[in-house]
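These figures come from a predicted structure and were not determined experimentally. The first residue of the sequence shown is numbered 1, and numbering continues consecutively from there. Counting starts at 1 for both ligands and their atoms, in listed order.
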Amino acid sequence: MKTYYITTPIYYLNGDPHIGHTYTTVAADVMARYKKQRGYDVKFLTGSDEHGQKVEKAAAEAGVSPQEFVDGLAATFKGIWEVMNCEYDYYQRTTNPAHVASIKKIFKKLFDQGDIYKGSYEGLYCTPCESFFTETQVENGNCPDCKRPVGKISEEAYFLRMSKYQDALIKHYDANPEFLLPISRRNEMLNNFIKAGLEDLCVSRTSFKWGIPVDFDAGHVIYVWIDALSNYITALGYLSDDDSDYKRYWPADLHLMAKEIVRFHAIIWPCILLALDEPLPKQVFAHGWLQYDGQKMGKSLGNAIDPRALVDEYGVDAIRYFLMREFTFGPDGNFTPTALINRYNADLANDLGNLLSRTVGMVEKYFSGTLPDISTPTAFDQDLIDLAITTLQNAEDRLDKLAFSEALNEIWNLVRRANKYIDETAPWVLAKDETKAPELATVLYNLAETLRILSIAIAPVMPNTPQIIHTQLNITDPTLCEWESGKKFGLLPRAITVTKGPAAFPRVEKEKK
Ligand code: MSP
């Protein structure tokens with residue numbers, strides 16, 4: 001069976017997650033579900049990045065140990081993934097003893113072979129962001145990310161010999177044009193960073209304790225990128241007694257993240273892997289930020305939107321749909337409550353919700369809930385059928401390129417086409433003439449069959465909605481829900497019995513907002 005290994009970044013545990021954080025994980029979950037539906041052996045990894053000075057400080061302020069502090073927040077993050085219906089296969093924590101053991105081995109191995117050496121570090125450091133910056137990156141003495149002042153620090157530290165791998169990395173980029181996408185980020189990394197020269201990277205700290213200790217040099221903790229990035233392989237048992245998952249799933253098919261950490265994934269991580277003599281991930285994809293009023297959403301800017309509140313109000317499938325449909329995956333996207341309400345009402349309440357309720361309602365009204373096993377074609381069927389049998393393939397083509405919004409647009413072309421088919425065939429007119437009953441049955445059958453195909457197509461993005469459709473159409477045969485069955489028209493038994501249910505997506509009134 002073909003494997004598919006997909007990862008999100010591991011999240012810093014410094015506050016409640018906001019809807020911006022959920023963007024990467026929802027996208028990864030969509031891909032994982034889509035690949036599972038297509039029969040892949042999928043491993044979907046997420047987790048939390050739990051070490052560092054910020055955690056140490058926050059725990060001290062809260063009067064708890066750092067471990068207790070991160071335990072609480074890791075539970076909060078897991079709770080959010082449950083709310084967002086993100087079904088990861090493994091949740092890695094950098095405080096997990098198995099991860100800690102592997103990281104120590106990785107660090108020692110790199111040190112023993114001369115890829116890590118001891119030196120001294122002087123740099124401009126932003127404590128809240130836990131990042132060093134160069135003079136050119138700093139903006140008027142302030143951190144380019146959070147805009148707070150940076151300070152000069154100097155300490156004895158270990159370094160990773162990144163410079164040694166510059167040529168190998170350039171070769172890898174040249175041989176693998178899709179290693180880093182979108183293309184704009186690839187060009188930026190390759191031309192502005194890699195070809196400009198790689199500097200060795202500071203990989204340890206002595207200024208705090210909350211990290212994985214360097215076993216052979218007391219006072220040093222491994223920080224941060226070897227600890228954080230290597231989670232992608234420690235989660236598979238790399239350098240542990242059981243590395244069967246590593247053998248099965250590595251190299252990763254896809255590392256997903258937002259743009260500000262692409263440099264770490266597309267430069268530092270490959271250098272670590274090259275030094276370890278391990279294969280590089282097949283693809284790194286960096287999407288843009290969810291913004292609010294043109295600024296990156298985040299705790300520090302006070303514009304964070306709580307995913308729980310949105311899910312309570314609209315339902316999880318609607319929020320997942322909105323995130324994947326409204327914003328092109330790649331550039332930044334601007335989140336606004338108005339866009340959410342408009343999208344919800346137009347695409348979900350009107351287009352999809354009405355298609356289902358009209359179809360079920362008409363089977364009830366005209367045939368007392370059970371379609372007769374009779375049929376005569378109408379002049380409008382073939383157009384609908386032609387589109388229905390190509391929709392999944394069209395969605396596949398887009399999903400394979402992570403073009404979520406385009407994939408959903410392809411699917412909604414079919415939703416809209418089916419609604420148009422109702423207008424064209426005018427079942428309420430056919431219903432007035434008893435001799436037209438076979439045509440009316442055909443129309444309603446075709447609508448039900450289209451809804452079956454749609455239920456398959458939307459499942460990766462909207463995992464709960466297919467069940468609503470299946471319940472109303474009484475679809476119980478699991479083979480009718482398999483991905484490939486969505487490329488065929490006419491599989492649904494003709495004499496279906498429907499059961500009307502509550503509106504799948506009740507309209508949201510704008511005035512209430
Ligand atoms: N711990 C590091 C990642 C280490 S991966 C080996 C980290 N954590 S984070 O919690 O700050 O960010 C996690 C992910 O959420 C990153 O991809 C980050 O870019 C993303 N986002 C945080 N705010 C976001 C938005 N407003 N919009 C989109 N993505 C956002 O970085």
Ligand 1 atoms in contact with Trp225 (distance to a heavy atom under 4.0 Å): 4 (C)
Closest protein heavy atom to atom 14 (C) of ligand 1, given as residue, atom name and distance to 0.1 Å: Tyr11 CE2, 3.6 Å
Atom indices of ligand 1, in the order listed, that fall short of 4.0 Å to a heavy atom of Leu290: 25 (C), 26 (N), 27 (N), 28 (C)
Any donor-acceptor N or O pair under 3.5 Å, side chains Asn192, Arg263: no
Phe264 heavy atom under 4.0 Å from ligand 1: no
Closest candidate by heavy atom, reference atom 18 (C) of ligand 1, pool Gln291, Glu260, Met257, His18: Glu260
Atom 22 (C) of ligand 1: nearest protein contact (heavy atom, Å): His21 CD2, 3.8 Å
Gly20 N/O under 3.5 Å from ligand 1 N/O: yes
Side-chain H-bond candidate by donor/acceptor type, Tyr12 with His21, under 3.5 Å: no
N/O separation below 3.5 Å, Asp49 to ligand 1: yes
Protein contact to atom 3 (C) of ligand 1 [nearest heavy atom, distance to 0.1 Å]: Ile10 O, 3.2 Å
Sub-4.0 Å atoms of ligand 1 with respect to non-hydrogen atoms of Pro9: 3 (C), 5 (S), 14 (C), 16 (C), 17 (O)
Lys35 and its salt bridge (Lys or Arg N to Asp or Glu O under 4.0 Å) partner, picked from Asp89, Asp400, Asp41, Asp253: Asp400
Polar side chain donor-acceptor pair, Arg507 to Asn350, under 3.5 angstrom: yes
Parallel, tilted or perpendicular: ring planes of Tyr40 versus Tyr4, cut at 30 and 60 degrees: perpendicular
His265 neighbourhood, listing ligand 1 atoms whose heavy-atom distance to it stays under 4.0 Å: 5 (S), 6 (C)
Which atom of Met257 lies closest to which atom of Val262, heavy atoms considered: SD-CA, 3.9 Å
Short N or O distance, Tyr12 and ligand 1, threshold 3.5 Å exclusive: yes
Contact check, side chains of Asp317 and Pro463, non-hydrogen atoms, under 4.5 Å: yes
Selection from Ala228, Gly288, Ala258, Ala286 by shortest heavy-atom distance to atom 6 (C) of ligand 1: Ala228
Under 4.0 Å to a heavy atom of Lys296 - the qualifying atoms of ligand 1, by number: 23 (N), 24 (C), 26 (N)
Shortest protein heavy-atom distance from atom 31 (O) of ligand 1, along with the residue and atom involved: Ile261 CG2, 3.6 Å
Pair His99, Asp227: side-chain N/O donor-acceptor within cut-off below 3.5 Å: yes
Parallel, tilted or perpendicular: ring planes of Tyr117 versus Phe159, cut at 30 and 60 degrees: parallel
Test item: side-chain donor near acceptor, Gln67 and Trp210, under 3.5 Å: no
